[in-house]
Amino acid sequence: MKNQPANRGPRRSRPDTAATHPIPKPSVKAHSKTSSKAPPPHPESGERIQKILARGGVASRREIERWITEGRLKINGITATLGTRLHTGDRLEINDRIVNWEKFAEQPTRVLLYHKPTGEVVTRRDPEGRPIVFRRLPELATGRWIAVGRLDINTSGLLLLTNNGELANRLMHPSTEVEREYAVRILGHVSEATLATLKEGVQLEDGLAKFDEIHSAGGEGANKWYNVIVTEGRNRLVRRLWESQNVIVSRLMRVRYGPVVLPDSLRTGAVYEINDKELQLLFEFAGMGKSGEPDQ
């Protein structure tokens, strides 16, 4: 996940990563009784609703927890509460619609790196009929692909997608402050004073914003390349920061998201699925431990 782009001008940083470890199989605690009758489900057996549905890509844990507090989930006809667990054979309803949740019980996490071209939109349906990134992705037997952040129609580069709602939420949540690195081609000269202003902070319509880092990456003639890093996912943030200083952005490409770097060999419009070792590193980066379970 850490190759650098060739012949694009911009530099890509290489963040440190942790050593890889084999992913352990989850342990299951057995409960026994001397009675000849089968015991009722132990209150700590089964899995929490939000854990199973997040793993299946239905939504993030926080979103599912909100649905539960709003009374939108029922188990066997009874309104679920936070802490309720699902057991084999339970009937789960969301907004009075039955959900086949058991197919998510062994849902393996998958993560794709997609090299998005300009002209595509990161949405499932587009009323204007523009190309949609999800149409290029492999089909899932269960669940759905979730985009980790967005890229606007005029921005190309790295887009992460996963079927694990919890992983997606952790990588996008503002509290995580995941670094996003972009290669930016600028038309014309940019003064040192302007660069300093962009690093100190600019008041935009939705609040103060800044580049955490700005690095010159060369260029020829009127075009200059810069690599910039932000830790926010606000809409069109990189473009708006430059435009606030009357600087014209002629090309914008995301080259890194957290520890994941756009591979040099991944051509525009192509997809790469990360392997087990790379997935393990991403789990650890997101604070999900060696087996994809959230750290306590």
Side-chain angles (χ1 to χ4, degrees), residues 26 46-88 90-114 116 121-126 132-151 159-178 180 232-235 257-258 260 273-274 279 282-283 285-289 291-296:
E47 285 189 286
R48 294 180 184 270
I49 303 171
Q50 57 267 44
K51 176 180 176 182
I52 293 177
L53 296 183
R55 184 167 60 217
V58 176
S60 71
R61 287 197 188 198
R62 289 180 176 84
E63 182 73 2
I64 296 163
E65 287 170 355
R66 182 174 65 81
W67 296 349
I68 293 172
T69 58
E70 292 173 352
R72 296 165 61 182
L73 277 71
K74 295 179 180 179
I75 298 179
N76 303 324
I78 300 174
T79 301
T81 59
L82 291 175
T84 302
R85 295 170 180 261
L86 284 166
H87 301 84
T88 301
D90 283 344
R91 185 180 78 254
L92 173 65
E93 297 174 69
I94 301 177
N95 296 328
D96 297 321
R97 297 182 63 180
I98 295 176
V99 176
N100 182 17
W101 65 269
E102 291 183 89
K103 66 184 179 180
F104 301 143
E106 298 299 328
Q107 175 85 347
T109 295
R110 298 175 63 185
V111 177
L112 304 179
L113 278 60
Y114 177 57
K116 177 192 172 300
V121 290
V122 185
T123 185
R124 298 186 186 280
R125 298 178 183 84
D126 184 63
I132 295 172
V133 298
F134 292 98
R135 292 176 181 168
R136 289 185 181 256
L137 307 181
E139 292 186 6
L140 286 168
T142 60
R144 61 175 183 168
W145 292 115
I146 303 168
V148 179
R150 291 174 177 266
L151 294 174
L159 180 66
L160 291 179
L161 303 109
T162 180
N163 64 337
N164 187 320
E166 176 67 13
L167 176 60
N169 181 69
R170 283 172 174 256
L171 292 173
M172 289 187 288
H173 199 273
S175 64
T176 310
E177 295 187 340
V178 176
R180 290 94 157 155
E232 294 185 83
R234 280 191 262 173
N235 185 43
Y257 195 103
V260 185
E273 182 165 359
I274 69 175
L279 179 60
L282 196 57
F283 276 150
F285 175 82
M288 297 180 69
S291 61
E293 297 297 328
D295 290 345
Q296 299 301 320

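Being a predicted model, the structure only gives us computed values, none of them experimental.
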Val260 and Ile274, any side-chain heavy atoms less than 4.5 Å apart:
no

List the steps and the verdict of side chain to side chain contact (heavy atoms under 4.5 Å, CB included) for Phe283 and Arg170.
CA-CA 10 Å; Phe283 276 150; Arg170 283 172 174 256; over 6 Å; no

Just jot down the salt bridge (charged side-chain N to carboxylate O under 4.0 Å, His left out) partners of Glu177, sequence neighbours excluded, or say none.
none

List in chain and number order the residues that pass side chain to side chain contact (heavy atoms under 4.5 Å, CB included) with Ala54, two or more places apart in sequence or in another chain; answer none if no residue qualifies.
Arg61, Ile64, Glu166

Checking Trp101 against Val58 for the side chain to side chain contact (heavy atoms under 4.5 Å, CB included) test, could you report, in this order, the C-alpha distance in whole Å, the side-chain angles of both residues, the deciding distance, and whether it holds?
CA-CA 10 Å; Trp101 65 269; Val58 176; over 6 Å; no

How close do Leu279 and Val111 get, heavy atom to heavy atom, and via which atoms?
CD1-CG2, 3.8 Å

Salt bridge (charged side-chain N to carboxylate O under 4.0 Å, His left out) against Asp126, all qualifying residues, sequence neighbours excluded:
Arg130

Give the C-alpha distance, both sets of side-chain angles, the deciding distance and a yes or no for salt bridge (charged side-chain N to carboxylate O under 4.0 Å, His left out) between Arg66 and Glu63.
CA-CA 5 Å; Arg66 182 174 65 81; Glu63 182 73 2; 2.5 Å; yes

Quick one: side chain to side chain contact (heavy atoms under 4.5 Å, CB included) partners of Glu273, sequence neighbours excluded?
Arg110, Leu112

Could you pull out all residues at least two apart from Trp145 that satisfy side chain to side chain donor-acceptor pair (under 3.5 Å)?
none

So, are Asp96 and Lys74 salt-bridged, with charged N and O less than 4.0 Å apart?
yes

Val133 and Val121: CA distance, side-chain angles, deciding distance, side chain to side chain contact (heavy atoms under 4.5 Å, CB included) verdict:
CA-CA 6 Å; Val133 298; Val121 290; over 6 Å; no

Atom CE of Met172 and atom CG of Leu167: how far apart are they, to the nearest 0.5 Å?
9.0 Å

With Thr109 as partner, the option from Asn164, Asn163, Thr162 fulfilling side chain to side chain donor-acceptor pair (under 3.5 Å) is Asn164

Quick one: CD1 on Ile146 to CG on Leu161, what's the gap to the nearest 0.5 Å?
9.5 Å

Taking only residues two or more places apart in sequence, or in another chain, which ones meet Arg91 in a salt bridge (charged side-chain N to carboxylate O under 4.0 Å, His left out)?
Glu93

Where is the tightest heavy-atom contact between Ala147 and Val122, given as atom of each residue plus distance?
CB-CG1, 3.7 Å

Answer yes or no: is there a side-chain heavy-atom contact under 4.5 Å between Glu47 and Arg85?
no

Identify, with sequence neighbours excluded, every residue that meets side chain to side chain donor-acceptor pair (under 3.5 Å) alongside Arg136.
Tyr114, Glu120

Got a sec, which residues hit side chain to side chain donor-acceptor pair (under 3.5 Å) with Arg150, two or more places apart in sequence or on another chain?
none

Closest non-hydrogen atoms of Gln50 and Glu65, given as atom of the first, atom of the second and distance, are NE2-OE2, 3.4 Å

Results of side chain to side chain contact (heavy atoms under 4.5 Å, CB included) for Thr176 - residues two or more places apart only
His173, Val178

For Thr84, enumerate each residue passing the side chain to side chain donor-acceptor pair (under 3.5 Å) test, keeping only those at least two apart in sequence or located in another chain.
Thr81

Using a 4.5 Å cut-off on heavy atoms from C-beta on, say whether the side chain of Tyr257 contacts that of Leu159.
no

Counterpart residues, salt bridge (charged side-chain N to carboxylate O under 4.0 Å, His left out), relative to Arg144 (two or more places apart)
none

Applying side chain to side chain contact (heavy atoms under 4.5 Å, CB included), name anything that partners Asn95, two or more places apart in sequence or on another chain.
Arg72

Tightest non-hydrogen contact, residues Ala80 and Ile49, listed as CB-CD1, 3.7 Å

Report the distance from atom CD1 of Ile94 to atom CG of Leu73, rounding to the nearest 0.5 Å.
4.5 Å

